[in-house]
2 protein chains.
Amino acid sequence: MLIEVDFAGEVPIYTQVRDQIVIGIAAGLLKPGETLPSVRRLAADIGINVHTVNKAYSLLRDEGFLLMDRRSGAEIAPLMTEDPSFDELLSNKLIPVVAEAICRRMDIEDFCLTVRKTYSFIKRGGK
Amino acid sequence: MLIEVDFAGEVPIYTQVRDQIVIGIAAGLLKPGETLPSVRRLAADIGINVHTVNKAYSLLRDEGFLLMDRRSGAEIAPLMTEDPSFDELLSNKLIPVVAEAICRRMDIEDFCLTVRKTYSFIKRGGK
DNA sequence: CTATCTGTTATATAAGATATAGAACATGTA
DNA sequence: TACATGTTCTATATCTTATATAACAGATAG
């Protein structure tokens with residue numbers, strides 16, 4: 001799976017890498033047990049520093065998306081189990097976004113429509 | 001409308017202030033034409049620096065939420081008109097969030113349900 | 001005119017986040 | 001032995017965030 005980085009963007013590089021791997025897992029492009037490139041390898045491929053990749057990997061490990069082993073490297077963790085507490089976390093993330101949509105006079109069902117479109121977009125591997 | 005700040009949180013203070021005002025507008029607690037406290041006043045009330053409030057206000061002005069006047073201060077801008085380009089902006093914001101929800105095995109309709117709950121939560125003025 | 005209130009701008013400082021670089025360590029494998 | 005893995009350490013540079021102090025331009029109230 002190709003990972004690309006926008007150096008000019010506002011989003012930190014390690015966040016971009018983290019997000020793209022999460023998106024890859026969601027799309028099914030990265031399956032549980034699959035190994036990721038080593039931190040040195042990915043850093044060289046993208047053209048960024050090893051520590052930046054390591055930060056992204058460590059974050060993903062802490063979030064439960066990756067398993068890391070000193071010897072064998074990083075691999076995709078088994079499918080996560082449903083987590084009821086994610087609902088509140090999600091809601092907190094959505095509050096400012098939904099509020100802005102309301103201000104921009106977007107109908108809530110149009111919002112949900114965009115959510116479903118985004119869902120399909122991810123599922124089909126990003127267009 | 002009361003504005004509170006979490007100094008220990010990861011979200012920058014000026015972003016917290018910006019978000020709460022957007023939420024206030026969405027909830028109808030802040031109506032078009034209504035004046036906001038002066039930057040000095042709000043800074044003193046919250047216990048933060050004038051420049052931090054000014055950064056939040058300026059950001060809100062650039063986004064079209066506020067009108068600012070050197071003499072009369074800051075006031076809520078007229079209701080925004082619908083903007084088609086907001087759809088793509090929203091989608092880009094949603095991609096990482098939806099992807100994470102998929103990884104956490106959340107059904108897309110449950111996601112939309114949380115969106116609607118968040119919508120109601122905002123509309124009723126935050127509980 | 002004086003005093004006071006707006007937003008705005010300028011300069012300065014400090015702390016934290018982000019990204020880079022180079023080196024080394026513990027551990028496993030070929 | 002040689003090479004690979006993640007991990008840790010030190011160091012540096014830049015940007016963001018937040019603070020502090022001061023001043024300016026314009027408007028208003030006494």
Side-chain angles (χ1 to χ4, degrees), chain A residues 1 3-22 30 32-78 96, chain B residues 1 3-22 30 32-78 96:
Chain A
M1 202 199 67
I3 292 184
E4 283 175 342
V5 162
D6 175 19
F7 292 93
E10 323 127 345
V11 184
I13 299 177
Y14 79 93
T15 303
Q16 295 186 42
V17 174
R18 179 264 177 200
D19 284 348
Q20 290 188 43
I21 290 176
V22 172
L30 297 174
E34 188 168 336
T35 62
L36 288 182
S38 74
V39 289
R40 291 174 178 83
R41 189 65 217 277
L42 185 56
D45 287 350
I46 307 182
I48 61 177
N49 192 273
V50 185
H51 295 89
T52 307
V53 177
N54 191 268
K55 190 168 182 178
Y57 276 19
S58 301
L59 180 57
L60 287 162
R61 178 200 54 198
D62 294 345
E63 292 178 312
F65 292 106
L66 292 189
L67 299 177
M68 300 186 75
D69 195 327
R70 214 177 213 124
R71 52 211 173 191
S72 57
E75 71 171 52
I76 308 295
Chain B
M1 201 197 69
I3 291 184
E4 283 175 343
V5 163
D6 174 19
F7 291 93
E10 323 125 348
V11 184
I13 298 177
Y14 79 92
T15 303
Q16 294 185 44
V17 173
R18 178 265 179 200
D19 285 348
Q20 290 187 45
I21 290 175
V22 172
L30 297 174
E34 187 168 336
T35 62
L36 288 182
S38 74
V39 289
R40 291 173 178 84
R41 188 67 217 274
L42 185 55
D45 286 350
I46 306 181
I48 61 178
N49 193 275
V50 185
H51 294 88
T52 307
V53 177
N54 191 269
K55 190 169 183 178
Y57 275 20
S58 302
L59 179 58
L60 287 162
R61 178 200 53 197
D62 295 344
E63 293 178 311
F65 292 106
L66 292 190
L67 298 177
M68 300 186 73
D69 195 325
R70 217 178 212 122
R71 50 210 174 193
S72 58
E75 72 173 51
I76 308 294

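Lettering follows sequence order; numbering is per chain, from 1.
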Review point. How long is the gap from CD1 on A/Ile46 to CD on A/Glu4, to the nearest 0.5 Å?
Key: 9.5 Å

Each nucleotide N or O in nucleotides 26-30 of chain D that has a protein N or O under 3.5 Å away: list the pair and distance.
from   : atom 1 : to      : atom 2 : distance (Å)
D/dA27 : OP1    : B/Arg71 : NH1    : 3.2

Check your understanding: Which nucleotide of DNA chain C is the first, and which the last, in the 5' to 3' direction, to come under 4.0 Å of a heavy atom belonging to chain A?
Key -> C/dT18 to C/dG28

Review point. By a strict heavy-atom criterion of less than 4.0 Å, which residues belonging to residues 3-11 of chain B are in contact with DNA chain C?
Key: none

Check your understanding: For residues 37-60 of chain B, which residues have at least one heavy atom under 4.0 Å from DNA chain C?
Key -> B/Ser38, B/Val39, B/Arg40, B/His51, B/Asn54

Point to revise | B/Arg18 side chain near B/Lys55 side chain, heavy-atom distance below 4.5 Å | key: no

Review point. Sequence neighbours excluded, which residues qualify as side-chain contact (heavy atoms from CB on, under 4.5 Å) partners of B/Asp45?
Key: B/Arg41

Exercise for review: In whole angstrom, give the distance that lies between atom CD1 of B/Ile13 and atom P of D/dT16.
Suggested key: 17 Å

Check your understanding: Just by modelled atom types, is the A/Pro32 backbone N or O under 3.5 Å from a matching donor or acceptor in the A/Glu75 side chain?
Key -> no

Review point. What residues form a side-chain contact (heavy atoms from CB on, under 4.5 Å) with B/Asp6, not counting sequence neighbours?
Key: B/Ala8, B/Gln16

Check your understanding: So do A/Pro78 and A/Leu67 actually touch side chain to side chain, heavy atoms under 4.5 Å?
Key -> yes

Review point. Does OP1 or OP2 of D/dT17 have a side-chain N or O of B/Tyr14 closer than 4.0 Å?
Key: yes

Exercise for review: Decide yes or no for B/Phe65 and B/Leu59: does some side-chain heavy atom of the first lie under 4.5 Å from some side-chain heavy atom of the second?
Suggested key: no

**Study point:** Spacing between A/Glu75 atom CD and D/dA4 atom C1', to the nearest angstrom
**Key:** 17 Å

Practice item. Taking the side chain as every heavy atom from C-beta outward, state whether B/Tyr14 and B/Ile48 have any atom pair closer than 4.5 Å. Key: no

